[in-house]
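Remarks on the structure that follows.
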Amino acid sequence: MANTKNTSDAQDSQESPKKTEKDTAEDRPNPMQVLRHARTQLAELTGMAAESVSSFEQTEDGWSLEIEVMELARVPDTMSLMASYQVDLDPEGQLTGYRRVRRYERGRADSHRPGGR
């Protein structure tokens, strides 16, 4: 029975070799995968569907996005309350934190903030 265990251990080590730096880089999600996954994760946590992504960048710690969601539907639609959420993800695309950075009516533009943010 001990021989069977040794054979099993040998097979395990052959089937799952240690990851090299190249393997790790290839396993990382591409930007579109990160974006889609971030929207899904934020929706699960907040219960609000993401309408758009207004900023997206890779950082030293992973990824940073600003995602727009509708917080409160109103009639007419231009009066609906929108919110921007800052979403941070690790290099693999897993959400590590989020916070609401602003709230606004859909029909109003921010003239005092650079880039419309």
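All heavy atoms count here, side chains included; hydrogens, waters and symmetry mates do not.
For Thr59, the side chain to side chain contact (heavy atoms under 4.5 Å, CB included) partners two or more places apart in sequence, or in a different chain, are Glu57, Asp61, Ser64. Partners of Gln58 under the side chain to side chain contact (heavy atoms under 4.5 Å, CB included) rule, at least two apart in sequence or in another chain, are Trp63. Partners of Glu105 according to the side chain to side chain contact (heavy atoms under 4.5 Å, CB included) rule, which considers only residues two or more places apart in sequence or in another chain, are Arg74, Met79, Leu81, Arg108. With sequence neighbours left out, Arg100 forms a side chain to side chain contact (heavy atoms under 4.5 Å, CB included) with Glu71, Ala83, Tyr85, Arg103.
Atom CE in Met48 sits 10.5 Å away from atom CE in Met82 (nearest 0.5 Å). Taken from CD in Glu68 to CD in Glu51, the straight-line distance is 9.0 Å, to the nearest 0.5 Å. Rounded to the nearest 0.5 angstrom, Ser84 OG and Ile67 CD1 are separated by 10.0 Å.
Within the hydrophobic cluster formed by Ile, Leu, Val, Met, Phe, Trp and Tyr side chains joined at under 4.5 Å, directly or through other members, Met32 stands alone, with no partner residue.
The list of side-chain hydrogen bond (donor to acceptor under 3.5 Å, both in side chains) pairs with a residue in residues 40-50, not counting sequence neighbours, reads His37-Gln41.
In terms of heavy atoms, Ala43 sits closest to Ala49 at CB-CA, 4.4 Å. Summarising the geometry of Leu95 relative to Leu89, their closest heavy-atom pair is N-CD2, 3.7 Å, with the distance given to 0.1 Å. Summarising the geometry of Ala73 relative to Ser80, their closest heavy-atom pair is CA-OG, 3.6 Å, with the distance given to 0.1 Å. In terms of heavy atoms, Pro29 sits closest to Pro91 at CD-O, 3.8 Å.
When hydrophobic clusters are built by joining Ile, Leu, Val, Met, Phe, Trp and Tyr residues whose side-chain heavy atoms come closer than 4.5 Å, directly or via intermediates, Phe56 is grouped together with Val69. Under the 4.5 Å side-chain heavy-atom criterion for Ile, Leu, Val, Met, Phe, Trp and Tyr, Leu42 and Val101 are members of distinct hydrophobic clusters.
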